[in-house]
J.: 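Structure incoming, see below.
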2 protein chains.
Amino acid sequence: MRQQTLEALKDKGFRLTKIRKLIIDVFFSNADAPISAPELRTHLLALDVKANKTTIYRELDFLSAQGIIVEINAGDGKKRYELDRFGHHHHILCLRCSAVECVAIEDCALEEQLSRVDLKNFKVTGHALNFFGICAGCSPCTEC
Amino acid sequence: MRQQTLEALKDKGFRLTKIRKLIIDVFFSNADAPISAPELRTHLLALDVKANKTTIYRELDFLSAQGIIVEINAGDGKKRYELDRFGHHHHILCLRCSAVECVAIEDCALEEQLSRVDLKNFKVTGHALNFFGICAGCSPCTEC
DNA sequence: TTGACAAATGCAACCCCGTTGCAATACAAT
DNA sequence: ATTGTATTGCAACGGGGTTGCATTTGTCAA
Ligand SMILES: [Mn+2]
Ligand SMILES: [Mn+2]
Ligand SMILES: [Zn+2]
Ligand SMILES: [Zn+2]
């Protein structure tokens, strides 16, 4: 999967630079949690790579334009990105530590109903459903 | 309604300053559209009142703490505020002009189902549902 | 009406996220 | 190895938001 992504970029005439490859690696290594631009920079630093913030933003735009990642909004006003291979789903945000997880609503007619919502005066093209709460790591232990 | 709001503040020992009263007026005059801090500043300027941006942010915090307004997130990363008297509802954002409108989902079991969503590992305390689209003003006329 | 005190405001300085123009660098193909 | 251009870095900027501190203003009581 990662390899195909790289080759597809090369075939289109784009270069596989060190930073670009590492950024793609970060997304494949953290496929379960959307990543913000500052977080991505931190991930790179952990790999001993200092990337200019301009480069980070430009690369996120580039990978989005190439359909490799998608921007998501988890409800706290910060842009995050994740690999574009999970289809439509939603997110949950921890109000204490800002952790975000992806969630899919499958067991009820909710998603189907959402697609039918008709809002007067607006041509609706999409929606975002975000849940808020406290993640397991932030919840006090129930045993002690 | 506006008068009760002002008297309630006074009863709690807070002052009814010129700016504070005008801000409350702006919210009551635009009860259908959530307002951002910069927008609020513009509204005041239209009334020939220059308020320092620090004052704007502090007043928004104050009115939120007093339960008069609530912060909402319409999905574009900008904080907006509206009077806290409409109960739980959702919002729709115009992707072209960034206009936001409040929408209530009443005609289906959607809201009830949302409240039942159970997400493992998270203690869910709430949710936000945002719709995206093109508003009437931004849609090309269907007649011509 | 006038003080006095606390609440509210303005100002300056700062932080963070994100963007732009332009010069320097590094891919990758020849 | 050379070369053309995609990519990167740098500096500077803008918007949104916050903080400390000095100044103003609303309120109430004398
Ligand atoms: Mn996701
Ligand atoms: Mn609303
Ligand atoms: Zn948490
Ligand atoms: Zn519009």
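So you know, we letter chains A, B, ... as the sequences are listed, proteins then strands, and number each from 1.
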J.: B/Phe86: what forms a ring pair (Phe, Tyr, Trp, His ring centres under 6.0 Å) with it, not counting sequence neighbours?
T.: none

J.: Same cluster or not: are A/Phe132 and B/Val117 linked, directly or through other Ile, Leu, Val, Met, Phe, Trp or Tyr residues, by side-chain heavy atoms under 4.5 angstrom apart?
T.: no

J.: Closest heavy-atom contact between A/Arg80 and A/Ser98?
T.: NH2-O, 3.3 Å

J.: Which residues in residues 59-72 of chain A have at least one heavy atom lying under 4.0 Å from any atom of DNA chain C?
T.: none

J.: Which residues in residues 29-55 of chain B have a heavy atom closer than 4.0 Å to any atom of DNA chain C?
T.: B/Lys50, B/Ala51, B/Asn52, B/Thr54, B/Thr55

J.: For A/Arg2, what residues pass the salt bridge (Lys or Arg N to Asp or Glu O under 4.0 Å) criterion, not counting sequence neighbours?
T.: A/Asp25

J.: Excluding sequence neighbours, so at least two apart, what forms side-chain hydrogen bond (donor to acceptor under 3.5 Å, both in side chains) with B/Asp61?
T.: none

J.: Which pairs, with at least one residue in residues 122-132 of chain B and sequence neighbours excluded, count as a salt bridge (charged side-chain N to carboxylate O under 4.0 Å, His left out)?
T.: none

J.: With sequence neighbours excluded, tell me which residues meet ring pair (Phe, Tyr, Trp, His ring centres under 6.0 Å) with B/Phe62.
T.: B/Phe14

J.: Considering all heavy atoms of both residues, which atom of A/Ala31 and which atom of A/Arg85 are nearest to each other, and what is their separation?
T.: CB-NH2, 3.7 Å

J.: Of all heavy-atom pairs between A/Leu93 and A/Gly75, which one has the smallest distance, and what is that distance?
T.: CD2-C, 4.4 Å

J.: Would you give the length of the straight line joining atom OG of A/Ser64 to atom NZ of A/Lys79, rounded to the nearest 0.5 angstrom?
T.: 9.0 Å

J.: Could you list the residues that satisfy side-chain contact (heavy atoms from CB on, under 4.5 Å) with A/Leu16, not counting sequence neighbours?
T.: A/Leu6, A/Leu9, A/Lys10, A/Lys21

J.: Going from CD1 on A/Ile69 to CG on A/Leu60, what distance comes out if it is rounded to the nearest 0.5 angstrom?
T.: 5.0 Å

J.: Give me the first and last nucleotide of DNA chain D, going 5' to 3', that has any atom under 4.0 Å from a heavy atom of chain A.
T.: D/dG4 to D/dA11

J.: Nearest 0.5 Å, what's the CG-CG distance between A/Leu95 and A/Asp76?
T.: 9.5 Å

J.: Which distance, rounded to the nearest 0.5 Å, do you find between the CG of A/Asn130 and the CD1 of A/Ile92?
T.: 9.5 Å

J.: Applying ring pair (Phe, Tyr, Trp, His ring centres under 6.0 Å), name anything that partners A/His127, two or more places apart in sequence or on another chain.
T.: A/His88, A/His90

J.: Could you identify which residues of residues 5-27 of chain A place a heavy atom less than 4.0 Å from some atom of DNA chain D, listed by residue number, or say none?
T.: A/Phe14, A/Arg15, A/Thr17, A/Ile19, A/Arg20

J.: Just the endpoints, please: which first and last nucleotides of DNA chain C, 5' to 3', lie under 4.0 Å from a heavy atom of chain B?
T.: C/dA6 to C/dA12

